[in-house]
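We count residues from 1, following the sequence as given.
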Amino acid sequence: MSKIVVAAERMFETTAPLAVSQLNTEASQSIVRVMDRTLVELTEGLRSAGDLDSFWSLAHAALERRGVKSMMYGAFATQNETKVVGYSRTMIWKSSHSQAFFDAFGTDQALDHDPSIDHCLTNPDIMLWHHDSDWNGAPAALKKRVSIERDLGLYVGVTVPTTRFSRIHIGGVGLSMPEIKICEFDRFWCDKAREIVTICGLIDTGMRNQHMSELVRLSPREKECLEWLAAGLRPDQIADRLAIGSKSIEKYIFGAKRKLRAATRDHAIAKALILGIIAP
């Protein structure tokens, strides 16, 4: 276990996370009953959020009140897809980090070789960003990335892997806290860890169970084509069933692949099923 993780876990061990993985289960309702009233109200507000923008704004505001300036949420369908096409080309994400971050690394490569994503794929423990000693033996390319992120204000913060809440939820929530001084971080984290990690769990639950379709934004036709592909029809058979041209079907399938960040048609079907965008 890295020193980053050890430090995070040591500070966190007495304030175990109470993240809710399934809001409508009896176990989750029991967890909610022991939360602070503010977290209960937040849970109810997130559950009733009518759309993705409202959900994101409410969660973001709750984290801002606890010292977070910006965040990125990312979800993968499987671990293996990251080995085939890389992080940037397969992760479905939403972020409030500044545009300068994406300009610095390039939108198509911004997430590649990110050590926090490496961590999320293999470890459910919380990762701290700002322990310089852990970068001493890192490759030159990684040190350069860390230096750029520091210049952009993405130096003090944490990454919370979503496998912490459910082993099949592959991804994470990265939280930037540039206004927290490093010398004060340990005390801050001991005070706020429980609430912050709980909110990360609520974000993951809501994004996957309520708002993933809005995040991916498949058109009705794109979704319909994937549903028929998943049912075993070929594109020409789908064209006949929907009474539209084969070229239109191919266009819809291509659009679904692009939005799902999938490498192939089969990959798009698998991601849509795993992420709950189409019904099995």
Side-chain angles (χ1 to χ4, degrees), residues 5 8-9 11-25 27-75 92-97 116-117 119-120 123-130 154 156-167 169-180 185-212 214-215:
V5 174
E9 291 303 294
M11 284 186 285
F12 196 63
E13 61 187 1
T14 59
T15 53
L18 296 176
V20 179
S21 59
Q22 295 293 335
L23 293 178
N24 59 349
T25 67
S28 295
Q29 291 171 0
S30 177
I31 290 173
V32 167
R33 284 195 291 269
V34 301
M35 286 182 176
D36 299 340
R37 186 63 220 168
T38 55
L39 290 180
V40 173
E41 292 172 355
L42 177 62
T43 301
E44 294 169 349
L46 292 173
R47 189 189 317 178
S48 61
D51 55 48
L52 174 59
D53 289 342
S54 298
F55 175 89
W56 184 261
S57 295
L58 184 60
H60 206 289
L63 287 170
E64 286 179 337
R65 290 193 294 272
R66 293 163 175 84
V68 174
K69 182 177 181 180
S70 65
M71 69 171 172
M72 173 178 278
Y73 171 81
I92 295 173
W93 55 271
K94 186 172 178 62
S95 175
S96 62
H97 293 336
S116 65
I117 299 180
H119 177 84
C120 287
N123 197 326
D125 298 326
I126 297 162
M127 176 182 182
L128 303 185
W129 294 357
H130 50 276
L154 299 172
V156 177
V158 302
T159 293
V160 181
T162 50
T163 50
R164 191 174 188 88
F165 315 118
S166 170
R167 64 181 181 82
H169 287 190
I170 302 168
V173 186
L175 306 172
S176 173
M177 308 168 186
E179 296 179 5
I180 307 300
F185 186 85
D186 288 9
R187 177 173 294 184
F188 161 81
W189 188 240
C190 284
D191 183 46
K192 298 295 184 183
R194 172 183 172 273
E195 293 184 349
I196 289 174
V197 176
T198 297
I199 294 169
C200 289
L202 294 172
I203 290 170
D204 181 54
T205 297
M207 293 296 276
R208 288 180 181 268
N209 293 356
Q210 297 171 251
H211 301 292
M212 189 59 70
E214 293 175 81
L215 186 58

[atom2] on [Y] to [atom1] on [X], rounded to 0.5 Å:
X	Y	atom1	atom2	answer
Ile170	Asp204	CD1	CG	11.0 Å
Glu64	Ser96	CD	OG	7.5 Å
Arg187	Ile180	CZ	CD1	13.0 Å
Glu41	Leu46	CD	CG	12.0 Å
Ile203	Thr198	CD1	OG1	11.0 Å
Asp51	Ser57	CG	OG	8.5 Å

What heavy-atom pair brings [X] and [Y] nearest, and what distance separates the two atoms?
X	Y	answer
Ser70	His97	OG-ND1, 2.7 Å
Arg208	Ala75	NH2-CB, 3.5 Å
Val156	Phe185	CG1-CD1, 3.8 Å
Arg66	Ile196	O-CD1, 3.8 Å
Gly172	Cys120	CA-SG, 3.9 Å

Should [X] and [Y] count as side-chain neighbours, where that means a heavy-atom distance under 4.5 Å?
X	Y	value
Arg164	Ile126	yes
Val158	Met177	yes
His211	Trp56	no
Glu214	Phe55	no
Val160	Phe165	yes

*Just one of Leu215, Leu202, Thr162, Val173 clears the side chain to side chain contact (heavy atoms under 4.5 Å, CB included) bar with Met207, so which one?*
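When Leu215, Leu202, Thr162, Val173 are each tested with Met207, the side chain to side chain contact (heavy atoms under 4.5 Å, CB included) holds only for Leu215.
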
*Is it true that a side-chain atom of Ser166 and a backbone atom of Thr163 form a donor plus acceptor pair closer than 3.5 Å?*
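Not a single qualifying donor-acceptor pair exists.
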
*Within the distance-only criterion (no hydrogens, no angle test), does the side chain of Gln210 pair as donor or acceptor with the backbone N or O of Arg47 below 3.5 angstrom?*
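Yes; at least one donor-acceptor contact below 3.5 Å.
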
_Atom NZ of residue position Lys192 - does it have more than 12 heavy atoms of other residues, nucleotides or ligands inside 6.0 Å?_
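Above 12, so yes.
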
*Is it the case that Thr159 and His119 place a side-chain donor and acceptor less than 3.5 Å from each other?*
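Checked: Thr159/His119 side chains show no N/O donor-acceptor pair below 3.5 Å.
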
